[in-house]
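As a basis for the values below, the full set of heavy atoms in this structure was taken, side chains included, without hydrogen atoms, waters or symmetry mates. Everything numeric here is computed off the predicted structure, so don't read it as measured data. Whatever order the structure lists them in is the order used to number ligands and atoms, beginning at 1.
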Amino acid sequence: MIREVPFDPIPIANYKDIVPAETYAEIEKLAKKLKGIRVIHLNTSPSGGGVAEILRSLVPLLKGLGLDADWFVSRKNDNFFRITKEIHNFLQGKKGDLTAAQRDVYLKTNQEVADFFNDKHADVWVIHDPQFVAISQFHKNLHPSIWRCHIDTSQPNLFVWRFLLPFIQKYDRYIFTLRKYLGPDLDYTKARIIAPAIDPLSRKNNPLDKSAADQIVARFGLDPSKPLVSQISRFDPWKDPWGVMDAYRIAKKEIPNLQLALIGAFAPDDPEADDIVADLKKYTKGDQNISILSNRDGVNDVEVNAFQVASDAIIQKSTREGFGLTVSEGMWKEKPVIGGRAGGIVQQLDDGETGFLVTTADQTAEKIVYLLENPEKSEEMGKKGREVVRHKFLITRLLLDHLHLYDELV
Ligand code: UDP
């Protein structure tokens, strides 16, 4: 049901030259105070999406600072994950409701997970996203505890929000990415607003030469001498990959040799992806300049890094987006980003400064053409984007936010 994710601690010293000196000093100071406290993080999957991406760096960094931090995830559980993906979609605004049978399975699984943790001790529990939020109902003493919501709950389906609300209320703190994600009837005094962040030293974000990146994308059949735009996302309806393809087709009228890469990861807790990929493949209508690739084709962290570095612009045309790490990942690589005017993307992108905010495929196409025809402007935007990320969206800032919150609770 639940397993521990093995990892090696990451030393904070690795980041000394990258982060602002005050942040670094404060991390060290707080870590001394919190040394030895036991922190347990729980989410569903060790790979394949933004939450896993954050925890892969955050938990090892906590451990490197001397906290007794551990990370637990769920084992494969298809029936449960089909229900929790529905819950995810409902919380992002999908209409409808869970059936009584779905609620039963959801609660029963949460009870089993709570039982698993009943004999374990933590000084701080951090439960990510709605999949296991209800363990607060069944665990003997899940305190002090934090519920970290990563999704865009600005317009939640109220049936499902109200079903989960009693479980959410049992936490001592809730973290949301934006103030507007605070759903109705929460105890706002317990809420904290914290933006996610990227790890500049992960294999995905480590410096990579353009020529090395070009060689890697060429291995996947792309031509590095031709223009390339990419969207790197789970295959998910809210990421609007069809809209990206529409935009590519419109832009291609002006830029005939344009290539598009849609890179997606299959995550065990995201059962919708297979159907979406099958549909997208049909939607290419045989266009060889559209590449749909994933971890199943060998596109892992280094390859994602390469696609981001090799691209002329990064697209993230989401219609709902909790945060969208891929936007910061693109900006960190000095790429202009064309992002959907949604949730956390608006928080990261300065429209006209570090990229563009768009809604329709036409607007996306117009911005693709603009950026490809104005490489100097693209370069300027990319450079600005990297500085925005350096100051606001690096993992060390997130680490410090977590330490402050643990300090408040223990
Ligand atoms: N990602 C990846 N391989 C892929 C697609 C996505 O490694 O084929 C990563 C991406 O680089 C990012 C994360 O998955 O780090 C997605 O996080 P984001 O916040 O953008 O979206 P989420 O999946 O959480 O909705």
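Ring geometry, Phe167 versus Tyr106: the interplanar angle falls from 30° to 60°, so the pair is classed tilted. The aromatic rings of Phe220 and Phe307 sit tilted relative to each other, their planes meeting at an angle between 30° and 60°. Aromatic ring orientation, Phe235 versus Phe266: tilted (interplanar angle from 30° to 60°). Ring pair Phe176/Trp147 is perpendicular by interplanar angle, where above 60° counts as perpendicular and below 30° as parallel.
Taking a 4.0 Å cut-off on heavy atoms, Lys239 registers as neighbouring ligand 1. The closest approach between a heavy atom of Ile263 and any atom of ligand 1 is below 4.0 Å.
Counting heavy atoms under 4.0 Å from ligand 1, residue Lys204 touches it through the side chain alone. Counting heavy atoms under 4.0 Å from ligand 1, residue Ser294 does not touch it at all. Contact annotation for Glu329 and ligand 1: only side-chain heavy atoms (C-beta onward) come within less than 4.0 Å of the ligand. Contact annotation: for Leu325 versus ligand 1, heavy atoms closer than 4.0 Å belong to both the backbone and the side chain.
Checked against the 6.0 Å centroid threshold, Phe132 and Phe116 do not count as a close aromatic pair.
Interface atoms of ligand 1 facing Val304, defined by a heavy-atom separation under 4.0 Å, are 2 (C), 3 (N), 7 (O), 11 (O). Those atoms of ligand 1 with a heavy atom of Arg234 less than 4.0 angstrom away are 22 (P), 23 (O), 25 (O). Each of the following atoms of ligand 1 lies closer than 4.0 Å to a heavy atom of Gly264: 4 (C), 5 (C), 8 (O). Of all the atoms in ligand 1, the ones that sit under 4.0 Å from a non-hydrogen atom of Glu53 are 15 (O).
In this comparison of Ala52, Gly49, Ala265, Gly50, the heavy atom closest to atom 5 (C) of ligand 1 sits on Ala265.
The nearest pair of heavy atoms linking Val73 to Thr44 is CB-O, 3.6 Å.
Ion pairing between a basic and an acidic side chain is recognised when a charged N comes within 4.0 Å of a carboxylate O; Arg219 and Asp297 show no such pairing.
Residues Gln92 and Thr153 are not in side-chain contact: their nearest non-hydrogen atoms beyond the backbone lie 4.5 Å or more apart.
Counting protein heavy atoms only, atom 6 (C) of ligand 1 is closest to Ile232 CG2, 3.7 Å.
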